[in-house]
Amino acid sequence: MANNVYDAIVIGSGISGGWAAKELTEKGLKTIMFDRGRNIEHIKDYVNATKAPWEFKDRNQKTQEILKDYPVLVRDPGLLNNNLDYWVDEKESPYVEVKRFDWFRGYHVGGRSLMWGRQSYRWSDLDFEGNLKDGVAVDWPIRYKDLAPWYSHVERFAGISGSLEGLPQLPDGDYLPAMDMNCVEKDVAARINKNYKGKRHMIIGRTANITIPHNGRTNCQYRNKCAMGCPFGAAFSTQSSTLPAAMATGNLTLRPFSIVTQILYDKETKKAKGVEILDAETNQSYEYYAKVIFLNASTLNSTWVLMNSATDVWPDGLGSSSGELGHNLMDHHFRAGAEGIVEGYEDRYYFGRRANGIYIPRFRNFNGDKRDYLRGFGYQGGASRERWSRDIAELNIGGEYKDALGEPGQWTMGLTGFGETLPYHDNKVFLDKNNKDKWGLPVLAIDAEIKENETKMRTDMMADAQEMLEIAGLKNVKTYDHGYSLGAAIHEMGTARMGHDPKTSVLNKHNQLWDAQNVYVTDGSAMVSSACQNPSLTYMAMTARAVDHAVGELKKLNI
């Protein structure tokens with residue numbers, strides 16, 4: 001086999017790209033996987049994973065230098081410099097905000113699989129049928145039954161911990177033992193479940209943290225340092241799970257520092273023949289060829305690749321024949337909810353630092369409820385005791401102050417809503433050829449915002465959280481809306497949607513480009529709607545399903 005000819009090409013090595021590489025290589029295809037950034041080796045390169053808080057430079061605070069060099073990244077109060085090198089250098093890779101869009105990216109092997117929140121929920125037909133029933137955008141070309149076996153497939157390998165609840169809007173999966181709720185959360189859950197007579201439920205989050213040894217990985221140690229790289233392999237990532245599996249086949253070649261600039265389209269065969277890459281270190285261009293291509297560069301970068309693959313056939317990019325490429329950008333809107341104080345339980349604490357929280361599945365516009373907006377939201381949150389960083393009003397200096405901070409503070413609990421954003425055609429991205437990145441490539445311009453439907457929903461996200469916490473007995477419950485701009489949830493979806501009709505969609509029901517059916521797109525760009533659950537598990541399932549289809553089509557000589 002020539003050095004530049006393979007059976008399959010995978011563009012991107014994050015959650016979906018890692019799965020594409022695993023499934024393709026395990027089915028016998030010689031595969032090359034490109035990533036535009038550096039390689040991060042499992043365990044060896046997790047340089048901050050075992051550091052104590054005081055060992056971090058500047059005590060892990062945002063310095064003036066960070067504020068200057070990372071003006072987008074610092075919009076998220078939770079992103080500090082303990083994993084700063086996992087995030088994109090914004091000077092090298094800028095983008096244009098027609099409207100504010102918080103784009104948090106990771107350009108390295110593993111992508112954001114190293115930094116994601118790991119919440120892993122199946123979607124139901126409430127989600128897959130929503131567009132059709134509401135007359136919004138286009139209908140999903142698949143239903144829950146199409147993905148159900150693939151959800152099971154990826155859950156069993158990735159290791160998702162969770163509880164079986166029997167809820168129609170949140171299907172159960174194949175789970176490892178669930179993490180435990182703490183004493184306050186158990187009592188609050190019981191009061192919520194009782195008061196709403198089974199119409200609202202509070203459960204432990206379903207998370208891609210293994211709770212028992214699994215596939216050679218060590219179970220979660222309750223350190224809650226997942227985003228620095230998990231040296232135990234307890235947190236699912238490309239590095240801990242799919243990449244080792246793909247490498248074990250002997251069929252994978254990994255090429256970091258490789259920016260895929262375009263997919264090469266053959267007008268004679270009406271298929272893609274390969275890709276052009278730009279070596280990020282040498283600025284040299286190379287071409288690689290394969291029978292099938294999986295595009296998994298993450299939602300917006302996958303769309304960038306398609307747009308930058310323009311030909312005289314499709315001047316707006318490969319996949320643009322419907323006019324929908326770049327449109328229908330979505331995210332989850334959040335940062336609205338409520339929090340309060342829990343009295344009592346002063347003699348109780350909890351084990352370790354659980355890398356997970358509670359979840360309240362969607363209950364609005366469901367089960368007989370009807371609101372003045374479409375769709376709904378779920379809640380994530382949890383209860384904990386205040387720590388040393390709390391304020392103590394009556395003490396602010398001296399030995400008694402230090403002693404007080406050495407003891408755990410009062411219990412508090414909060415609920416943050418994650419709401420569905422509808423797919424609006426005018427929420428879009430496009431190439432801005434007047435602005436270039438470090439490598440002279442055009443950058444994306446993003447023009448998107450939430451609209452009236454989401455704004456109305458945020459009122460309920462706050463009011464419902466307050467009501468539930470007060471019913472559960474919390475005191476001094478206060479609502480909050482900390483403001484939100486698209487992108488902040490880091491759940492970008494849409495811009496290359498699936499559909500039934502090549503006139504209104506970019507991909508068919510198998511995630512194939514209508515315009516070149518040996519190109520499969522299985523990351524967030526394929527999504528037709530956003531639901532309110534975290535989407536990454538769905539990307540994994542779609543990817544495994546698409547690989548199975550692609551290999552079958554290759555055997556039939558259809559692609």
- Would you call Glu97-Arg75 a salt bridge at under 4.0 Å N-O? yes
- Item | Which atom of Asn219 lies closest to which atom of Ala234, heavy atoms considered | C-CB, 3.7 Å
- Lys194, NZ: over 12 other non-hydrogen atoms inside 6.0 angstrom: no
- Heavy atoms, side chains only, cut-off 4.5 Å: are Pro244 and His42 in contact? no
- Would you say Asn453's side chain and Leu374's backbone share a donor-acceptor pair under 3.5 angstrom? yes
- Message: Please check this pair: side chain of Tyr345 against backbone of Cys183, looking for a donor-acceptor N/O pair closer than 3.5 Å.
- Response: no
- Message: With a 6.0 Å cut-off (strictly less than), is the heavy-atom count around CZ of Arg353, excluding the residue itself, greater than 12?
- Response: no
- Message: Main chain of Arg143, side chain of Glu129: is a donor-acceptor contact present, judged purely on distance under 3.5 Å?
- Response: no
- Hey, what's the ring geometry for Tyr95 with Trp103, parallel, tilted or perpendicular (30° and 60° as the breaks)? perpendicular
- Return yes if some donor-acceptor pair links the side-chain N/O of His491 with the main-chain N/O of Asn534 below 3.5 Å, else return no. no
- Which atom of Ser525 lies closest to which atom of Ser302, heavy atoms considered: OG-CB, 4.0 Å
- Should the heavy atoms of other residues, nucleotides or ligands under 6.0 Å from NZ of Lys478 be counted, would the total exceed 12? no
Could you give the side-chain donor-acceptor pairs of residues 12-20 under 3.5 Å, partners two or more places apart or in another chain?
from	atom 1	to	atom 2	distance (Å)
Ser13	OG	Asp35	OD2	2.7
Ser13	OG	Gly110	N	2.9
Ser16	OG	Asn296	ND2	3.0

- Query: Are any side-chain N or O atoms of Asn82 and backbone N or O atoms of Met228, one a donor and one an acceptor, separated by less than 3.5 Å?
  - Reply: no
- Task: Give the C-alpha distance, both sets of side-chain angles, the deciding distance and a yes or no for ring pair (Phe, Tyr, Trp, His ring centres under 6.0 Å) between His482 and Tyr480.
- Result: CA-CA 6 Å; His482 295 319; Tyr480 61 86; 4.6 Å; yes
- Measure from the side-chain N and O atoms of Arg105 to the backbone N and O of Ser93, and report whether any donor-acceptor pair falls under 3.5 Å. yes
- Of all heavy-atom pairs between Ala448 and Asn427, which one has the smallest distance, and what is that distance? CA-OD1, 3.2 Å
- Message: Using side-chain heavy atoms (C-beta onward) and a distance below 4.5 Å, is Trp87 in contact with Tyr107?
- Response: no
- Between Asp127 (side chain) and Ala531 (backbone), is there a donor-acceptor pair under 3.5 Å? no
- Derivation of the side-chain hydrogen bond (donor to acceptor under 3.5 Å, both in side chains) call for Asn356 and Gln119: CA-CA 8 Å; Asn356 189 17; Gln119 293 293 288; 2.8 Å; yes
- Message: Taking the basic N atoms (NZ, or NE/NH1/NH2) and the acidic carboxylate oxygens, is any pair closer than 4.0 Å for Lys186 and Asp180?
- Response: yes
- Do Arg217 and His214 have side-chain heavy atoms sitting under 4.5 Å apart? yes
- Got Ser529 and Glu420 here, is their nearest side-chain heavy-atom distance under 4.5 Å? yes
- Message: Distance check, rounded to the nearest 0.5 Å: Leu132 atom CG versus Asp139 atom CG?
- Response: 4.5 Å
- Below 4.5 Å, heavy atoms only, C-beta onward: do Asp464 and Arg364 meet side chain to side chain? yes
- Item | Cation-pi geometry met for Arg335 and Tyr484 (6.0 Å, 45°) | no
- Message: Just so I know, are the side chains of Glu339 and Thr412 near enough to count as touching, which here means a heavy-atom distance under 4.5 Å?
- Response: no
- Under 3.5 Å: donor-acceptor pair, side chain of Tyr121, backbone of Gly205: no
- Task: Determine the minimum heavy-atom distance between Arg348 and Arg385, stating which atoms define it.
- Result: O-NH1, 3.1 Å
- Message: Under a 3.5 Å distance rule, please check whether Trp116 uses its side chain to pair with a backbone N or O of Ser113 as donor and acceptor.
- Response: yes
- Query: Hey, does the side chain of Asp187 reach the backbone of Val184 with a donor-acceptor pair shorter than 3.5 angstrom?
  - Reply: no
- Task: Mind listing the closest non-hydrogen atom pair of Cys220 and Met179 along with its distance?
- Result: SG-CE, 3.9 Å
- Item | Ion pair check, Asp174 and Arg122, cut-off under 4.0 Å | yes
- Please test Thr303 against Thr495 for side-chain hydrogen bond (donor to acceptor under 3.5 Å, both in side chains), starting from the C-alpha separation and ending with a verdict. CA-CA 7 Å; Thr303 295; Thr495 67; 2.6 Å; yes
- Heavy-atom side-chain contact between Tyr539 and Met493 under 4.5 Å: yes
- Task: Using a strict cut-off of less than 4.0 Å between a Lys/Arg side-chain nitrogen and an Asp/Glu carboxylate oxygen, indicate whether Glu454 and Arg458 qualify as a salt bridge.
- Result: no
- Item | Full working for side-chain hydrogen bond (donor to acceptor under 3.5 Å, both in side chains) between Gln239 and Asp45 | CA-CA 11 Å; Gln239 276 83 346; Asp45 289 334; over 6 Å; no
- Query: For Lys51, does the NZ atom sit with more than 12 other heavy atoms under 6.0 Å from it, leaving out its own atoms?
  - Reply: yes
- Task: For residues Lys68 and Gln64, determine if any side-chain heavy atom of one lies less than 4.5 Å from a side-chain heavy atom of the other.
- Result: no
- Query: Are Glu165 and Arg206 ion-paired here, with the side-chain N under 4.0 Å from a carboxylate O?
  - Reply: no
- What pair of heavy atoms forms the shortest contact from Trp140 to Met542, and how long is it? CZ3-SD, 4.5 Å
- Task: May I ask you to say whether Lys428 pairs ionically with Asp426, meaning some side-chain N is under 4.0 Å from a carboxylate O?
- Result: no
